[in-house]
Amino acid sequence: MASSTRVQPERVRILRGGEIAPGPVLYWLRREQRVHDNWALLYAQDLALAGGRPLGVVFCLVPSFLGAARRHFEFMLAGLHSVGDELAALQIGFFCLRGDPAREIPALAASCHAGCLVTDFNPLRISRQWEQAVCARVEIPVHLVDAHNVVPVWLASDKQEYAARTLRPKLRRQLPRFLSDLPAVRRHAYPWLQDVARPDWPLLARRLRAPVAGGALAWCRSGEAAARAALAHFLDERLAAYATARNDPTTAGQSDLSPYLHFGQLAPQRAAYAAAQRAGAAGGADPAAAAAVAAGRDAFLEELIVRRELSDNFCHYNHDYDRYEGLPAWGRRTLEDHLDDPRTHLYDLAAFEAAATHDSLWNAAQTELAVRGKLHGYLRMYWAKKILEWTRDPAEGLSIAIALNDRYSLDGRDPNGYAGCAWSIGGLHDRPWTERPVFGKIRFMNLAGCRRKFRVDRYIERVQRWTQEDSR
DNA sequence: ATCGGCTCGCGCAA
DNA sequence: TGCGCGAAGCCGAT
């Protein structure tokens, strides 16, 4: 069977080799929960078209996943619901299974006599384990597609990068080849004819075993359509101010796209391509406005591509990405020099989770995280660094920061979160600074710095307003 | 308001 | 082997 005509071969890794057998192509959808701008779906469709076969998509719902809360599952299920509807309209089969993917995926592949299995790339350990388990239980080829990174993670670099500055030039060299528009998925010429039971979405929601944590997520509607609207809104309304406003938690200066990127409802490459198109022309006759758009675009692309793909690089090449042992050697060394330093305050997970520290800014940040399911980028650093400062040792601090981020943040359980916690607490991708108690040479942050950057009282009031709205 | 120093190690130039 | 420089800061000097 011929290979893909629309997807570059460097995007694809063969997890299990062999001849593609007769029978439909099955795409096991995991991280990229969208129909459009999805290289893995396009690749699976190309394989199916080349062989004249039907195409099916399967998602396997795991009732409990890395500490995710009920509202995360509800957000995800709402998005998957529209994915299923759109695929049906394209004559592509859609299954939403429930249980252990290591059992469910091979069972489905066998029952529909699939000739090939395609899945999307995710660097987290649990994803690799599922891949291995599935490969061991099927007799057909399994192909893995990096549909998340603009430059496929294994092509961008063959090792864990030391810092953004070592990855940046490697990405830049490859971007002309990869930062392109994406082709449209087609109505599939060979319809999926076998009976597909429409997922019983309300039943799936009722059977979840996820803990209830945090408030409702009124600010962020789920789904591909909402994601595209949010991108358009950001590019139209906020891009010009992004370079200057994104580090001020009292203004709406951030893109607010991370939930969509995390759940795969928005393709990073779509966002990057759209932002790159917003060249100086946007300002028209006004050179200052054009310069602001260009600065916003550059800052956004730096975060969207360089820093996000750096965190995929970290988790892909460092299997201790969420543990103390995964921190850089100089960071661990200097933290260990200060293990016996007295701590000014000590809290456990429950006290942090209850936002019951002595610091009203920290409590407000934790409250924002709990109520809204997101924490402003600048405050997220302060938040994590204080957890390091107020726990008995850095390993405990790291695990508390990760646990809270995974439980509350809509974009938790993502390489971004693990890299962010390791940056704040262990100096990952950072450099050493003046030595001081507890932190050692890890970059320090404090309230005075926040006051210099933004109106701390205004931020705290803002969070209190959200809390009142939420309780109503 | 602005500036330099802090401190490690990567990667490139020589 | 030497050297420049870096994921978002802090602090004290001017």
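Each chain gets a letter, A, B and so on, in the order its sequence line appears, and its residues count up from 1.
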Legend entry - Intra- and inter-strand pairs of DNA chain C in dot-bracket (Watson-Crick or G-U wobble, both distances under 3.5 Å; | for another strand): ||||||..||||||
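Residue-environment remark: CZ (A/Arg343) exceeds the threshold of 12 foreign heavy atoms within 6.0 Å.
Only the P atoms considered, C/dG9 is 24 Å distant from B/dC10, to the nearest whole Å. C/dA8 sits 23 Å from B/dG11 when the C1' atoms are compared, rounded to a whole Å. Comparing C/dC5 with B/dA14, their P atoms sit 14 Å apart, to the nearest whole Å. For the P atoms, the distance linking B/dG4 with C/dG4 amounts to 15 Å, nearest Å.
Atom-to-atom, CZ of A/Arg431 to P of C/dA7 comes out at 8 Å; the value is rounded to the nearest Å. Atoms CD (A/Glu435) and P (C/dC10) sit 18 Å apart, rounded to a whole Å. A/Ile442 has its CD1 atom 16 Å from the P atom of C/dA7, to the nearest Å. When rounded to the nearest whole Å, the span between CZ of A/Arg380 and P of C/dA8 equals 15 Å. In this entry the distance linking CZ of A/Phe314 with C1' of C/dA7 reads 14 Å, nearest Å. Separating the CZ atom of A/Arg452 from the C1' atom of C/dG12 is a distance of 11 Å, rounded to the nearest angstrom. One atom, NE2 of A/His429, and another, P of C/dA8, lie 13 Å apart when rounded to the nearest Å. Counting to the nearest Å, the C1' atom of B/dG9 and the OH atom of A/Tyr162 are 4 Å from each other.
Closest to the side chain of A/Trp433, out of C/dG9, C/dC10, C/dA8, is C/dG9. Nearest nucleotide to the A/Lys159 side chain, out of C/dG9, B/dG11, B/dC10: B/dG11. In this structure, the nucleotide among B/dG11, C/dC11, C/dA8 sitting nearest to the side chain of A/Glu161 is B/dG11. Nearest to the side chain of A/Arg165, among B/dG11, C/dA7, C/dA8, sits C/dA7. The A/Leu310 side chain lies nearest to C/dA7 when the options are B/dG11, C/dG6, C/dA7.
When heavy atoms are screened at a 4.0 angstrom cut-off, A/Lys385 is found touching no nucleic acid atom at all. Residue A/Trp423 is classed as a base contact, given a heavy-atom separation below 4.0 Å to a base. If you check every strand for non-hydrogen atoms under 4.0 Å, A/Lys170 touches nothing. Within 4.0 Å of A/Met381, counting heavy atoms only, lies at least one base atom of the nucleic acid.
Taking only side-chain nitrogens and oxygens, A/Lys441 comes nearer than 4.0 Å to OP1 or OP2 of B/dC8. The phosphate of C/dA7 (OP1 or OP2) has a side-chain N or O of A/Arg168 nearer than 4.0 angstrom. In this model, the phosphate group of C/dC10 is approached by a side-chain N or O of A/Asn446 to a distance below 4.0 Å at OP1 or OP2. Close to C/dA8, at under 4.0 Å from its OP1 or OP2, lies no side-chain N or O of A/Lys453. Of the side-chain N and O atoms in A/Arg333, one or more sit less than 4.0 angstrom from OP1 or OP2 of B/dG9.
Classification of A/Glu131 and A/Arg30 as a salt-bridged pair holds, one side-chain N sitting under 4.0 Å from a carboxylate O. Between A/Glu302 and A/Arg307, at least one side-chain N (NZ, or NE/NH1/NH2) sits under 4.0 Å from a carboxylate O, which counts as a salt bridge. Using a 4.0 Å cut-off between a side-chain N of Lys or Arg and a carboxylate O of Asp or Glu, A/Lys386 and A/Glu389 qualify as a salt bridge. Contact check on A/Arg31 versus A/Asp120 returns no salt bridge, with no Lys/Arg side-chain nitrogen under 4.0 Å from an Asp/Glu carboxylate oxygen. A salt bridge does not link A/Lys441 to A/Asp337: none of the charged nitrogens lies less than 4.0 Å from a carboxylate oxygen. In summary, A/Asp236 and A/Arg278 engage in a salt bridge, as defined by a charged side-chain N under 4.0 Å from a carboxylate O.
With the nearest nucleotide of DNA chain C identified for both A/Pro432 and A/Tyr378, A/Pro432 has the one nearer the 5' end.
Remark: A/Arg436 is not positioned above the aromatic ring of A/Phe439, lacking an NZ or CZ atom under 6.0 angstrom from the ring centre and at most 45 degrees off the axis.
At least one donor-acceptor pair closer than 3.5 Å links the side chain of A/Arg332 to the backbone N or O of A/Leu327.
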